[in-house]
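Predicted model, so just to flag it, every value in this text is computed and none were measured. For reference, positions follow the sequence shown, starting with 1. Read the numbers this way: they start at 1 and go in the same order the structure lists the ligands and their atoms.
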Amino acid sequence: MSNILAFDLGASSGRAIHGKLNNGRIEIEELHRFPNDPVQVGKRLHWDILRLYHEIKQGLLKAKHKGIDLASIGIDSWAVDFGLIASDGSLLGNPYNYRDSLYDGVMERVQEELGADYIFSRTGIQFLPFNTIYQLSAHRENGTAAMQSAEQFLMIPDLLRYFLTGEKYNEFSNATTTQLYNPLTQKWDEELLKKLGLTPSWFGEVLQPGAPAGQLQQTVQEELGLGPIPVYAVAEHDTASAVVAVPAIERSFAYLSCGTWSLLGTEIDQPIMNEEARQLNFTNEGGYGNTYRLLKNIMGLWIIQECRREWERAGQAFTFPELVKLAEEATSFSAFIDPDDAAFLAPGDMPARVCEYCQRTNQPVPQKPGEIVRCVLESLAFKYRYVLELTERLSGQSFNGLHMVGGGIHNHLLCEWTANAIGKPVWAGPAEGSAIGNLAVQWIAQGEFKDIWEARRAIRESFPIAIYEPEQGDRWEEGYAQFLRITGLA
Ligand SMILES: C[C@H](O)[C@H](O)[C@@H](O)C(=O)CO
């Protein structure tokens with residue numbers, strides 16, 4: 001029975017999940033949960049990285065106090081963000097949050113300078129304004145202090161792993177999201193880095209998920225009263241871990257990792273880097289076992305999280321289940337948004353932005369919270385269909401349903417409406433996809449599972465999967481046509 005720990009950090013909360021194997025079945029238990037609130041300082045938006053490190057130590061202590069003898073640990077988090085390390089090994093400043101306005105307009109400038117086709121041909125990564133490539137370019141343009149003394153670039157899980165072990169490594173799945181890694185040469189793209197004025201030596205050895213990445217260093221062992229627990233590089237981009245946990249039977253499958261972001265796509269063996277993929281702004285992010293995640297980012301439940309924050313600020317506090325209930329009671333197909341409109345990216349007054357979108361597209365403007373949430377959820381369901389069809393076209397596959405994993409599956413209405421929108425079944429589960437994928441990679445590395453397919457079978461047999469069958473009739477077809485027309489995606 002191998003006891004291991006997964007630290008899974010999302011953009012709004014983190015958790016320490018204890019996993020153990022019991023006769024081939026996976027059992028999980030949440031030992032520690034903590035908020036991850038971005039901190040605004042003046043105009044800048046940061047992550048509180050030392051608080052996150054503190055919480056990781058609390059997770060380790062909770063395991064110790066429960067008498068759990070840990071065979072290993074692994075850390076995954078959201079992608080693209082990073083810290084820079086000085087020659088004395090110290091962290092240079094607080095990592096920036098990728099939604100910081102410092103990055104506004106930088107992608108367009110870099111594209112103009114280097115050419116979008118050049119960047120895509122070397123990285124295969126979708127153009128998102130917050131990709132690391134544009135973040136670093138913004139810091140270079142602004143001459144931020146950290147850029148002057150940096151010696152090493154580490155992404156968020158790399159950084160936390162470094163604090164624990166004292167060893168500095170990058171990791172494949174997360175490295176690809178920077179748009180600075182070349183999947184064809186399987187290396188950081190030195191030519192691209194130089195063209196951007198970035199120093200190639202900052203970018204270190206890239207470990208594959210499942211590689212040993214050190215052990216708790218002496219100071220941490222002494223502070224926490226623990227032994228030299230091994231640390232693995234897992235699929236450290238949380239979406240990559242979530243894809244590991246997709247309980248698929250067939251090799252050809254489509255997934256939707258559903259949380260703050262919605263990431264919809266399929267797993268492939270070789271990146272698809274043709275002109276069509278670039279035009280459609282698809283990405284080829286690294287996965288477990290040298291696979292690639294052909295997918296698109298969809299803005300996801302972030303819009304509703306921000307609406308909820310705004311309503312709470314204005315003195316109207318709702319729980320998520322309450323909002324789902326209100327949405328269920330509202331009229332269907334009244335108004336739609338394109339969830340990926342640039343207006344919805346930055347934090348702020350999201351209900352007002354949804355209303356502005358409806359106004360500018362000459363639609364009835366939703367008034368009540370339930371109407372706004374309904375508009376967002378129905379629009380998400382239709383955007384999933386749109387991206388699913390593009391994934392089929394690009395990968396030359398045809399999927400007979402969609403696997404949904406991640407916390408978003410607790411929203412039964414979204415699962416149901418997604419099935420209706422795509423006209424195919426949705427298989428929802430597991431909800432703790434990223435943490436389970438993180439655990440699975442550690443177990444594969446330890447030989448507890450032969451390979452990812454054995455791990456996926458164990459996941460299938462260990463966690464409930466809810467099946468949502470699509471509604472019959474033309475109503476959702478007609479709604480989809482209306483969505484395409486309004487959003488201009490037709
Ligand atoms: C920037 C986002 O973190 C990223 O694109 C997304 O894939 C993610 O990590 C969702 O948690």
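- Among Arg251, Arg456, Arg293, the one residue that satisfies the salt bridge (Lys or Arg N to Asp or Glu O under 4.0 Å) test with Glu267 is Arg456.
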N or O contacts of ligand 1 with protein under 3.5 Å, please list pair by pair.
| residue | atom | partner | partner atom | Å |
| --- | --- | --- | --- | --- |
| ligand 1 | 3 (O) | Ala79 | N | 3.2 |
| ligand 1 | 5 (O) | Asn297 | ND2 | 2.9 |
| ligand 1 | 7 (O) | His237 | NE2 | 2.9 |
| ligand 1 | 7 (O) | Thr239 | OG1 | 3.2 |
| ligand 1 | 9 (O) | Ala79 | N | 3.3 |
| ligand 1 | 9 (O) | His237 | NE2 | 2.8 |
| ligand 1 | 9 (O) | Asp238 | OD1 | 3.0 |
| ligand 1 | 11 (O) | Asp238 | OD1 | 3.0 |
| ligand 1 | 11 (O) | Asp238 | OD2 | 2.8 |

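- The ring of Phe172 has its center closer than 6.0 angstrom to the ring center of Tyr181.
- Within the 3.5 Å criterion, the main-chain N or O of Gly42 finds a donor-acceptor partner in the side chain of Gln40.
- In this structure a side-chain-to-backbone donor-acceptor pair under 3.5 Å is present from Ser462 to Ile26.
- Ion pairing of Asp100 with Arg44 is present here, as a side-chain N (NZ or NE/NH1/NH2) and a carboxylate O approach within less than 4.0 Å.
- Put simply, the side chain of Lys296 gets close to the backbone of Leu280: a donor and an acceptor are under 3.5 Å apart.
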